[in-house]
Amino acid sequence: MLVRLTKLSCPAYQWFHALKIKKCLPLCAPRCSSTSAVPQITTHYTIHPREKDKRWEGVNMERFAEEADVVIVGAGPAGLSAAIRLKQLAAEQEKDIRVCLVEKAAQIGAHTLSGACLDPAAFKELFPDWKEKGAPLNTPVTEDRFAILTEKHRIPVPILPGLPMNNHGNYIVRLGHLVSWMGEQAEALGVEVYPGYAAAEVLYHEDGSVKGIATNDVGIQKDGAPKLWVIDEKKWKPGRVDHTVGWPLDRHTYGGSFLYHLNEGEPLVAVGFVVGLDYQNPYLSPFREFQRWKHHPSIRPTLEGGKRIAYGARALNEGGLQSIPKLTFPGGLLIGCSPGFMNVPKIKGTHTAMKSGSLAAEAIFKQLTSENLQSKTAGLHVTEYEDNLKQSWVWKELHAVRNIRPSCHGILGVYGGMIYTGIFYWILRGMEPWTLKHKGSDSEQLKPAKDCTPIEYPKPDGQISFDLLSSVALSGTNHEHDQPAHLTLKDDSIPVNRNLSIYDGPEQRFCPAGVYEFVPLEQGDGFRLQINAQNCVHCKTCDIKDPSQNINWVVPEGGGGPAYNGM
């Protein structure tokens, strides 16, 4: 999330008419690389600038501009918290502040995806009267279970008071519905909410400070893993929270599962599987590991006889305290999940994201309303936000758990991390005088395919496990077909010449939406990469895991992407 400050230029767009063209090509498993000329894959202007494209000569790109005191990019829990808190403070002190919020989803909450088991601390601070307002917190946690799975058995692990996985006092929510409700509260306070606008570019003042954002152009031609299930009511335990680690992952692959029983008037459960993107085997498919996990003897009975009704995927920022970047800069600041405020062992970041938004709003409001405001740059540099965050319970919470995720890198893997948690967190509460380091970026961790064993996944049975494309169909994902692919490549030759030849094309496996396929060349031998941008669920996994760091995810036309319904 990025908050832009003071007198900012925002939504800019241009409409064009274009022909609609759709091409389909057959799927083929890759086993070799191409030696022929590299076909062009990327047509996006960030790779091929328009000023060098003769087709754009003489085209008048007239821009529409608006000014606001604060522009917030992204209507997630953090962005909405910031907007709401700003307008609350403005109302309390009778100040007039224009707050605009832009969101790339067509509706507020449509791109929101989480389990979610919510720690309500920040939410209650923002909405002390949340019950009277009818906030959709309908399912308090009533039962908390944790287990280690072997291939055939389940080993219960006690959750002691004070451990990160303890969910006493939390709520199981459909985060998309909660975000939608927060959007209604924001608009009631006077926040200007603009869904369907994708922030594509940062604008700068002459002094280098941030001036605002530009939304992307639309109408340009194309050439230029959690689920929700309805289950058998007899198996429904509203308020139950289940977490597991272990099978089907080995001890050196970080990950685990969640299964939350919602109380939404019908027997709903949210089911999800998390795989750390620092895994080493290029043959691993997070989606197919998820499908295999659902067949475990302790999981399958809950899902049998049920019906899957939704599907989605997203990447979690799990770097923790060690990976948090500088949070402020002239003209803006970072809030929410993007900077890395997630409490990894809790698998929770909504509460810390919301608190960061509220703290940001308070720091911004103080500067905007100061009678003695002095700024060295045209865009305000609100350094007080980072200072206040480090004095808040958010920083204290993240500091206490900072070593749990890195402790999983030892010889015992995930189980070593559990032992470390039991000794140093439960006893010392994170007060150990050292801070462990991560082993490097996720994109650097894959081993060459020749050094790894291919993974043979069972075929989906269509009842408990499913194929990828039918799952993506349940996400409601849709993009304008005739636009440049927003999955851009810095070099169109790298997917075949490096990723396919060395790593057996891992992008066709780590993508949870079937965006990347290696298909035969139309002429000659070999393969080329096909990008099915229409399928993209905006999880950003490809940008993170690509071993060549050749993929750059940019925003598509506003309104495109998944259409989650309370995920």
Side-chain angles (χ1 to χ4, degrees), residues 1 11 13 20 22 73-80 101-116 136 173-184 186-187 193-200 215-216 218-219 222 225-230 260 262 264 266 268-272 287 290 307-316 336-337 350 466-483 485-487 511-515 531-542 553-567:
M1 307 286 184
Y13 54 89
K20 308 298 187 292
K22 182 178 180 181
V73 178
L80 284 163
L101 190 155
V102 296
E103 164 59 39
K104 63 183 175 66
Q107 293 90 31
I108 302 302
H111 287 184
T112 299
L113 178 72
S114 183
V173 301
R174 298 174 69 172
L175 193 59
H177 286 176
L178 184 64
V179 165
S180 178
W181 179 87
M182 290 178 67
E184 295 172 359
E187 290 187 302
V193 181
Y194 296 99
Y197 288 87
T215 59
N216 61 352
V218 300
K222 185 174 182 178
K227 293 185 178 177
L228 280 164
W229 281 66
V230 176
Y260 301 152
L262 290 140
E264 298 281 339
E266 58 180 330
L268 286 175
V269 294
V271 186
F287 174 82
F290 180 24
K307 178 184 178 182
R308 59 175 183 152
I309 60 172
Y311 168 82
R314 62 168 292 190
L316 305 176
C337 295
T350 304
F466 301 91
D467 66 280
L468 183 56
L469 293 183
S470 71
S471 297
V472 174
L474 293 176
S475 70
T477 298
N478 185 56
H479 296 85
E480 166 59 50
H481 289 280
D482 195 12
Q483 63 172 306
H486 63 282
L487 296 316
C511 175
V515 169
I531 298 179
N532 304 310
Q534 169 72 7
N535 288 4
C536 180
V537 294
H538 298 195
C539 72
K540 319 290 175 61
T541 300
C542 56
W553 195 100
V554 298
V555 290
E557 290 184 3
Y564 299 137
N565 180 16
M567 290 286 277

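Computed from a predicted model, the values in this text were never measured in an experiment.
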inquiry  = Has Asn535 got a side-chain atom pairing as donor or acceptor with Val515's backbone, closer than 3.5 angstrom?
reply    = no

ask   = For Pro562, does its backbone N or O pair with a side-chain atom of His111 as donor and acceptor, under 3.5 Å?
value = yes

Which heavy atom in [X] sits nearest to a heavy atom in [Y], and how many Å separate them?
| X | Y | answer |
| --- | --- | --- |
| Ala485 | Ala533 | CB-CB, 4.1 Å |
| Leu468 | Cys511 | CD2-O, 4.2 Å |
| Trp553 | Leu487 | CD1-CD1, 3.1 Å |
| Trp181 | Pro136 | CG-CD, 3.6 Å |
| Ala313 | Cys539 | O-CB, 3.5 Å |
| Pro195 | Ile108 | CB-CD1, 4.2 Å |

Measure the [atom1]-[atom2] distance between [X] and [Y] for me, rounded to the nearest 0.5 Å.
| X | Y | atom1 | atom2 | value |
| --- | --- | --- | --- | --- |
| Gln107 | Asn565 | CD | CG | 10.0 Å |
| His538 | Leu113 | NE2 | CG | 12.5 Å |
| His486 | His479 | NE2 | NE2 | 4.0 Å |
| Ile309 | Glu266 | CD1 | CD | 6.0 Å |
| Gln483 | Glu557 | CD | CD | 4.0 Å |
| Phe466 | Leu474 | CZ | CG | 8.5 Å |

message = Could you go through Leu178 and Thr112, starting from their C-alpha distance and side-chain angles, then the distance that decides it, and tell me whether this counts as side-chain contact (heavy atoms from CB on, under 4.5 Å)?
response = CA-CA 10 Å; Leu178 184 64; Thr112 299; over 6 Å; no

request  = Verify side chain to side chain donor-acceptor pair (under 3.5 Å) between Arg174 and Ser180, making sure each step is shown before the conclusion.
outcome  = CA-CA 10 Å; Arg174 298 174 69 172; Ser180 178; over 6 Å; no

Any side-chain heavy-atom pair of Arg314 and Cys337 under 4.5 Å = yes

request  = Please examine the side chains of Arg308 and Leu228, heavy atoms only from C-beta on, and report whether any two atoms are closer than 4.5 Å.
outcome  = no

